Amino acid sequence: MRDEIRRNMPLFSMGIITKLTELTPRQVRYYEQQGLIRPARTKGNQRLFSFNDVDRLLHIKSLMEKGVNIAGVKEMLQERDRQQARESQPEPQPKKAVKPDLSEAELHKLLKRQLSELSYKPNRSHLIQGELSRFFH
DNA sequence: TTTCTAACA
DNA sequence: TGTTAGCA
């Protein structure tokens with residue numbers, strides 16, 4: 001898996017990242033504070049982001065745009081990290097329908113939790129519920 | 001010129 | 001989240 005090395009190679013400055021993701025530097029730094037990403041640093045303490053960081057930031061952005069809060073985003077990304085860990089490590093067990101079912105179920109849990117939290121926000125709640133309703137048949 | 005940290009009318 | 005101050 002030398003592809004992982006490429007994906008994690010620190011390449012992009014803050015300026016490139018903000019253009020690539022359309023996030024503000026403030027937002028990017030805040031997400032780092034929250035432990036959502038951990039970019040490398042230059043000798044001058046400048047952040048250097050990898051393709052993986054870009055990926056995560058875009059993921060974060062899309063979730064935030066749907067009204068998911070930081071806590072929710074954290075859980076979603078943790079779930080993504082768990083799946084990646086399982087893919088990198090040899091999984092000697094059943095080859096097929098185990099991993100997908102589990103992650104799907106957990107995803108639903110998380111979304112339900114989000115939905116109940118959002119119900120206290122009279123403002124956007126109807127929009128969010130409309131977006132998320134397809135997960136609860 | 002760009003980015004960093006810290007802090008707030 | 002925005003924005004600003006003061007550095008490197």
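All values reported here derive from a predicted model rather than from experimental measurement. Each chain gets a letter, A, B and so on, in the order its sequence line appears, and its residues count up from 1.
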Reading DNA chain C 5' to 3', how would its secondary structure be written in dot-bracket notation, given Watson-Crick and G-U pairs with both distances under 3.5 Å, brackets [ ] for crossing pairs and | for partners on other strands?
.|||||.|
Sequence neighbours excluded, every pair satisfying side chain to side chain donor-acceptor pair (under 3.5 Å) that has a member inside residues 45-56 of chain A
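Applying side chain to side chain donor-acceptor pair (under 3.5 Å) to every pair that reaches into residues 45-56 of chain A, excluding sequence neighbours, yields A:Asn8-A:Asn52, A:Glu32-A:Arg47, A:Arg41-A:Asn45, A:Ser50-A:Asp53, A:Arg56-A:Asp81.
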CZ of A:Arg7: more than 12 outside heavy atoms within 6.0 angstrom?
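It does not: A:Arg7 CZ has 12 such atoms or fewer within range.
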Are there over 12 heavy-atom neighbours, none belonging to A:Glu22, within less than 6.0 Å of that residue's CD?
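No, not enclosed.
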Which residue lies more 5' along DNA chain B, comparing A:Gln33 with A:Gly15 via nearest heavy atoms:
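With A:Gln33 and A:Gly15 compared, the 5'-side residue is A:Gly15.
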Both A:Arg26 and A:Phe49 contact DNA chain B. Which one's nearest nucleotide lies toward the 5' end?
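Here A:Phe49 is the residue nearer the 5' end.
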Do the side-chain N or O atoms of [X] get closer than 4.0 angstrom to the phosphate oxygens (OP1, OP2) of [N]?
{"X": "A:Arg47", "N": "B:dT3", "value": "no"}
{"X": "A:Ser13", "N": "B:dT3", "value": "yes"}
{"X": "A:Gln46", "N": "B:dC4", "value": "no"}

Value in whole Å for how far the [atom2] atom of [N] lies from [atom1] of [X]:
{"X": "A:Lys43", "N": "B:dT2", "atom1": "NZ", "atom2": "C1'", "result": "19 Å"}
{"X": "A:Gln34", "N": "C:dT1", "atom1": "CD", "atom2": "P", "result": "10 Å"}
{"X": "A:Arg29", "N": "B:dT2", "atom1": "CZ", "atom2": "P", "result": "13 Å"}
{"X": "A:Arg41", "N": "B:dT3", "atom1": "CZ", "atom2": "P", "result": "13 Å"}
{"X": "A:Met64", "N": "C:dT1", "atom1": "CE", "atom2": "C1'", "result": "9 Å"}
{"X": "A:Asn45", "N": "C:dC7", "atom1": "CG", "atom2": "C1'", "result": "11 Å"}
{"X": "A:Glu32", "N": "B:dT5", "atom1": "CD", "atom2": "P", "result": "7 Å"}
{"X": "A:Ile60", "N": "C:dT1", "atom1": "CD1", "atom2": "C1'", "result": "15 Å"}

Taking every non-hydrogen atom, the tightest pair across A:Gln34 and A:Lys74
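Taking A:Gln34 first and A:Lys74 second, the nearest heavy atoms are O-CE, 3.2 Å.
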If you only use heavy atoms from C-beta on, which nucleotide in C:dG2, B:dC4, C:dT1 is closest to the side chain of A:Thr24?
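Between C:dG2, B:dC4, C:dT1, the one nearest the side chain of A:Thr24 would be C:dG2.
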From B:dC4, B:dT3, C:dT1, pick the nucleotide closest to the side chain of A:Tyr30?
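Comparing B:dC4, B:dT3, C:dT1 against the side chain of A:Tyr30, the answer is C:dT1.
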Reckon A:Gly44 touches a base, only the sugar-phosphate, or nothing at all at heavy-atom distances under 4.0 Å?
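Touches nothing.
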Would A:Gln27 and A:Thr24 count as having a side-chain donor-acceptor pair, cut-off 3.5 Å?
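Yes, A:Thr24 and A:Gln27 have a side-chain donor paired with an acceptor closer than 3.5 Å.
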When you group the ILVMFWY residues by side-chain heavy-atom contacts below 4.5 Å and let the links chain together, are A:Val73 and A:Leu58 in the same group?
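As far as the 4.5 Å side-chain criterion goes, A:Val73 and A:Leu58 are connected within one cluster.
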Out of curiosity, does A:Leu48 fall in the hydrophobic cluster containing A:Met9 (side-chain heavy atoms, cut-off under 4.5 Å, transitive links)?
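In one cluster with A:Met9: A:Leu48, no.
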